[in-house]
Each structure stands twice: as C-alpha cells, then as structure tokens.
Asker: 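Submitted below is the structure of interest, expressed as structure tokens.
Remember, predicted model here, so these are calculated numbers, not experimental data.
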Amino acid sequence: MLQLSVIRENKEKVIKALAKRNLDANDLVDTVLELDEKRRANQVELDNVLAESNALSREIGEMMKSGEKAKAEIVKQKTAQLKEKSKDLSEKLEAFTSSLSEELYKIPNTPADIVPEGKTPEDNLTVHQEGDIPVLHEGALPHWDLVKKYDIIDFELGVKITGAGFPVYKGKGAKLQRALISYFLDKNTAAGYQEIQVPHLVNEASGFGTGQLPDKEGQMYHVGIDDLYLIPTAEVPVTNLFRDVILNESELPILCTGYTPCFRREAGSYGAHVRGLNRLHQFDKVEIVRIEHPEHSYAALDGMVEHVKTLLQELKLPYRILRLCGGDMGFTSSLTYDFEVFSTAQDRWLEISSVSNFETFQANRLKLRYKDKDGKNQLVHTLNGSSLALPRVLAGIIENYQTPEGIVIPEVLRPYTGFDIIN
C-alpha cells in the first residue's frame, strides 16, 4: 500500500497520479487523512493519560512509604479513573487504526511518470516488436484442434476429473510442458536467479502482503476449512519469504525464480478468446522476483525485460512488448510491461508475460526493509515477472511450428524433449 507519510505530504500529487488510473481518489484520500488525524490525536491523548497515570503511580508509592495511606487512597481513585479512560482510548485507537488500514488497502499504487494515459488495453503502447510471423500451410489448425489430432492435451478428460479449465497433458505434450519448465528455470538460474520451491497454498497475510487481497479475492480459490488460498502466481509465496524482514544493504539485490502451478477462478471469462489454452483455471508458470535497492529498481526492470526477450528470441516466436496504460495496469504496479506472442492460427496476440515494478507498494505491506548506511530502516522495491507463463507459450509453439508432417519442436527445447517433432 502507499505510505501514509507520502499521502500526507503529497496529497495533490497522489490524487493526480491516481487519476492516470481513471480513479477519482479525492474522497478516498480525504477519508484516509481524516482517519489519520483522528488516530494521531487519539494517540497523543492516550500517551498523556498514560504519562499522568504513571506519574500518579509513582506518587502513590512515595505516599505509602511516608505513611500517607489516606492520601494515597484518594490518588488511587484518580488512577482508576485514568485506567478506565486509557482503556477507552486504546479501544478507539485500535478502531481508528483498523479503519485507516481498510481505507489504505483500497488505494492502488501510483503509476510511474512514463505510464501512458488510457482506459483500456487498446490504449497500451507498443514499445518493441520482433520476429517474423510465419505463413502457415493450407489447412493449418488452431491449437485446440492440433492437440486433439496428436493426442497431447485432453480438455475433456480434465472436465471429467475436475471441470473446465483443467486440462490433462499426455505423452509428448506432457514432455514438452516439462521441457519448457526446465528450460525457463535453467535460463533464469544462469542469469543469477536462485531457484526456490515454495508452497502452493498461502495464508491470508501472504495474500495481503503482495496485494492479491483484498483486490482479487474473488479470483482466488479459497480453502475455507483451513483459511488458506491456492496461489494465483509464485510471486505470492516467493515475495512473502521476505515478509517482516530487515535486510542489510549489502544483501541487495536478491534474485529468486520458482516454478509453480497457478490457480485462478477467472470468473466471468467466456467466449472464443478463452478457448483451449488461452485461459485456464490451473496452469504452470515460471516466475522471477527481485528485491532491489530503490535507486536501482528501474534498471533492474529493464534487465528483466531484456531477459524475457532472450527467451522468446531463442524460442523463435514472434512477440511484442507493451507498456501498459494507467487503466490496464494491475492494482499493485507502478509500471508494467506485457509480452505477447502472435498466434498465427488464431490471428491474434496472446499475453504470455507481465514484468512489473511495484516500487515500495508491496514492501510497505510486507514490512520488508533494508538498513541503509546511516543505520535507518528503508523500504525496498519489489519486482516480478513471468518467465514464462506456459499455456499461451505452448499454444504459440503448437500453432506457429505446425507443418503438414507434424509440430516441429523449437531447436532450443530438443535437448529437453528428446524428440524434434510431434506427429
């Protein structure tokens, strides 16, 4: 969440920045500042009452020592009144603090200066495009027909076992999926990221820490009896490894990568654009996460973008990079770049990665800080990116590499698959 001190000291700047998200934050910011003022006044009054109570307690001790018991009893009555008042003030403080947190949780991150204006995905800015779009042979098929033809992914079996959006990968399809995971992890670790295996269920505090809660509660699978959530991305458990941690400045940056299945309800997603692998409730993804010094986070973001570019270049998939507009950015992000591959058989772009800088937004929720050269605790910047999300990468490979003889495997994956064609 945004730092309260930043809102307090830069009210108009914060409101103007949030307007880029097409959000009129005037009332929300005013509510936050009003609650903050009441909370601080309440805190001052409570501190004064506690100080007076402590002073009287010391007086009572002195009176008792000097034998002034009657006088001490009179003062004790006053301390009892102060104790009751302090209890009431403490309860009010807790209520103000809780209400303030609830309001702060409603405020999204402020966009970076270079985030373009806009309301919809059509307003996103294309900043890079690379790769030749292949010309497919006559009779080329979309991936949902190809996987059935070669019996490598079975959507109907998934429906039988679980429901729509939970495919079953079979034979060479399963091996190609595993090959992509291993390839991505190997490339990430070679680039300096430490591989980490994390739980696939998280508690509520972890969801709040990275900003999935309360913003995306309706999109997460909740295990009610245990009050746990299935992860929507490895970003959640990996970043929460550092919740409530104070790092030494010399420990920065920290680079992590992890493979996990991801679970998303995707409520309200219907139509041809979500067919096949285009949108699933369970899918595999390899993630990269960085904990950075604030001065270096945007250089790190550029480095992450370049890293994802190399993966798509080696896979030889046509892709483009979009700088998301204010209206299309995620709740927690200051700046996001989306990567999309071109699906030739579908004649459309498919999103396969988001790379984002959250600045201090997540770190403030996580209480993730570092100790600077002066010994003061400062918030770090957190970043993450898909490197990569598998379903649409797989769809792009299956469709763009199809030939009359079968689906050719990208050369860089052949050492992992052990075969060069699916036929």
Side-chain angles (χ1 to χ4, degrees), residues 121 124-136 142-143 146 173 176-193 195 233-235 255 257-259 262 276-280 283-290 300-324 335-357 383-403 407-417 420 422:
N124 294 333
L125 179 66
T126 301
V127 296
H128 183 77
Q129 186 168 328
E130 186 174 340
D132 296 327
I133 295 173
V135 178
L136 299 180
H143 71 269
L146 286 166
L176 178 55
Q177 178 92 334
R178 179 157 52 90
L180 280 165
I181 293 167
S182 296
Y183 165 68
F184 293 148
L185 286 172
D186 285 351
K187 290 293 291 185
N188 294 347
T189 54
Y193 292 85
E195 183 176 349
T233 166
E235 169 202 344
L255 286 69
T257 186
Y259 151 70
C262 304
L277 295 170
N278 289 350
R279 186 159 295 174
L280 302 174
F283 60 95
D284 291 327
K285 184 152 69 83
V286 176
E287 197 81 355
I288 50 176
V289 171
R290 296 179 73 116
L301 181 68
D302 291 342
M304 293 169 74
V305 168
E306 290 301 315
H307 176 68
V308 175
K309 282 170 67 173
T310 64
L311 302 178
L312 294 168
Q313 289 166 349
E314 290 189 2
L315 289 171
K316 297 181 180 178
L317 289 171
Y319 72 94
R320 67 180 183 181
I321 305 173
L322 307 176
R323 184 184 299 148
L324 298 194
L335 178 62
T336 295
Y337 291 100
D338 269 7
F339 283 74
E340 297 180 336
V341 296
F342 191 77
S343 164
T344 307
Q346 297 180 66
D347 192 29
R348 59 189 291 257
W349 293 96
L350 305 175
E351 180 197 333
I352 46 86
S353 176
S354 284
V355 181
S356 301
N357 188 347
L383 305 90
N384 92 280
S386 311
S387 178
L388 290 164
L390 270 75
R392 294 171 186 168
V393 171
L394 196 60
I397 290 171
I398 290 170
E399 293 182 356
N400 291 345
Y401 276 85
Q402 65 177 299
T403 70
I407 302 165
V408 176
I409 302 300
E411 189 173 348
V412 73
L413 296 179
R414 293 175 191 174
Y416 295 93
T417 59
D420 57 13
I422 296 173

Asker: Does the side chain of Tyr337 reach to within under 4.5 Å of the side chain of Val308, using non-hydrogen atoms?
Answerer: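 Of all side-chain heavy-atom pairs linking Val308 with Tyr337, none is under 4.5 Å.
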Asker: Please name the pair of heavy atoms, one in Asn400 and one in Leu136, separated by the smallest distance, quoted to 0.1 Å.
Answerer: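 Here Asn400 and Leu136 meet closest at O-CD2, 4.0 Å.
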Asker: Walk me through whether Leu317 and Ile397 qualify under side-chain contact (heavy atoms from CB on, under 4.5 Å).
Answerer: CA-CA 7 Å; Leu317 289 171; Ile397 290 171; 4.1 Å; yes
Asker: For a side chain to side chain donor-acceptor pair (under 3.5 Å) with Glu130, tell me which candidate from Lys309, Arg320, Gln313 qualifies.
Answerer: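 Checked Lys309, Arg320, Gln313 against Glu130; only one passes side chain to side chain donor-acceptor pair (under 3.5 Å): Gln313.
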Asker: I'd like to know if Lys187 and Glu314 make a salt bridge, using a cut-off of under 4.0 Å between side-chain N and carboxylate O.
Answerer: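 Judged by the 4.0 Å cut-off on N to carboxylate O distance, Lys187 and Glu314 do form a salt bridge.
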Asker: Mind running side-chain contact (heavy atoms from CB on, under 4.5 Å) on Asp338 and Asn124 for me, showing each step along the way?
Answerer: CA-CA 9 Å; Asp338 269 7; Asn124 294 333; 5.5 Å; no
Asker: Which heavy atom of Thr417 sits nearest a heavy atom of Ala179, and at what distance?
Answerer: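 Minimum heavy-atom contact is CG2-CB, 3.5 Å.
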Asker: I need the Phe184 CZ to Ile288 CD1 distance, nearest 0.5 Å.
Answerer: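 CD1 of Ile288 is found 11.5 Å from CZ of Phe184.
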Asker: Ring-plane angle category for Tyr193 and His307, please: parallel below 30°, perpendicular beyond 60°, tilted otherwise.
Answerer: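 Ring orientation of Tyr193 relative to His307: tilted.
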Asker: Which heavy atom of Tyr183 sits nearest to which heavy atom of Thr310, and what is that distance?
Answerer: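 Heavy-atom minimum between the residues: OH-O, 4.4 Å.
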Asker: Which heavy atom of Leu185 sits nearest to which heavy atom of Gly258, and what is that distance?
Answerer: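 Minimum heavy-atom contact is CD2-C, 4.2 Å.
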Asker: Would you compute the distance between atom CG of Leu394 and atom CD1 of Ile352 and round it to the nearest 0.5 angstrom?
Answerer: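 CD1 of Ile352 is found 12.5 Å from CG of Leu394.
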Asker: Could you check whether the rings of Phe342 and Trp349 sit parallel, tilted or perpendicular, using 30° and 60° as the cut-offs?
Answerer: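 Correct class here is perpendicular.
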Asker: State whether the side chain of Arg392 and the backbone N or O of Glu351 hold a donor-acceptor pair below 3.5 Å, judged by distance alone.
Answerer: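 Confirmed, Arg392 side chain pairs with Glu351 backbone.
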Asker: In Å and rounded to the nearest 0.5 Å, what is the CD to OG1 distance from Gln346 to Thr344?
Answerer: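 Answer rounded to 0.5 Å: 10.0 Å.
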Asker: With side chains defined as the heavy atoms from C-beta onward, is the minimum distance between Glu195 and Thr189 less than 4.5 Å?
Answerer: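 Sidechains of Thr189 and Glu195: in contact.
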Asker: What pair of heavy atoms forms the shortest contact from Pro142 to Ala345, and how long is it?
Answerer: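 Scanning both residues completely, I find the closest heavy atoms to be CA-CB, 3.7 Å.
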Asker: Side chains of Leu413 and Leu315, heavy atoms from C-beta outward: is any pair under 4.5 Å?
Answerer: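 Yes, side chains in contact.
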Asker: Would Glu287 and Lys285 pass as an ion pair if we require N to O under 4.0 Å?
Answerer: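 A salt bridge is present here (some side-chain N lies under 4.0 Å from a carboxylate O).
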Asker: For Leu388 and Ser353, work out which heavy atoms get closest and say how close.
Answerer: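 Nearest heavy atoms, Leu388 then Ser353: CD2-CB, 3.6 Å.
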Asker: Are Gln129 and Thr126 linked by a side-chain donor-acceptor pair shorter than 3.5 Å?
Answerer: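 The criterion, which ignores hydrogens and geometry beyond distance, is not satisfied for Thr126 and Gln129.
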Asker: From Leu311 CG over to Ser386 OG, what is the distance, rounded to the nearest 0.5 angstrom?
Answerer: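 The OG atom of Ser386 is 11.0 Å from CG of Leu311, to the nearest 0.5 Å.
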Asker: Look only at the side chain of His143 and the backbone of Leu277, and say whether a donor-acceptor pair between them is shorter than 3.5 Å.
Answerer: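 A pair under 3.5 Å: yes.
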Asker: For the CD1 atom of Ile321 and the NE2 atom of His128, what is their distance to the nearest 0.5 Å?
Answerer: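 Output value for this atom pair is 5.0 Å.
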Asker: Roughly how far, to the nearest 0.5 Å, is the CG atom of Leu180 from the OH atom of Tyr416?
Answerer: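 Those atoms lie 10.5 Å apart.
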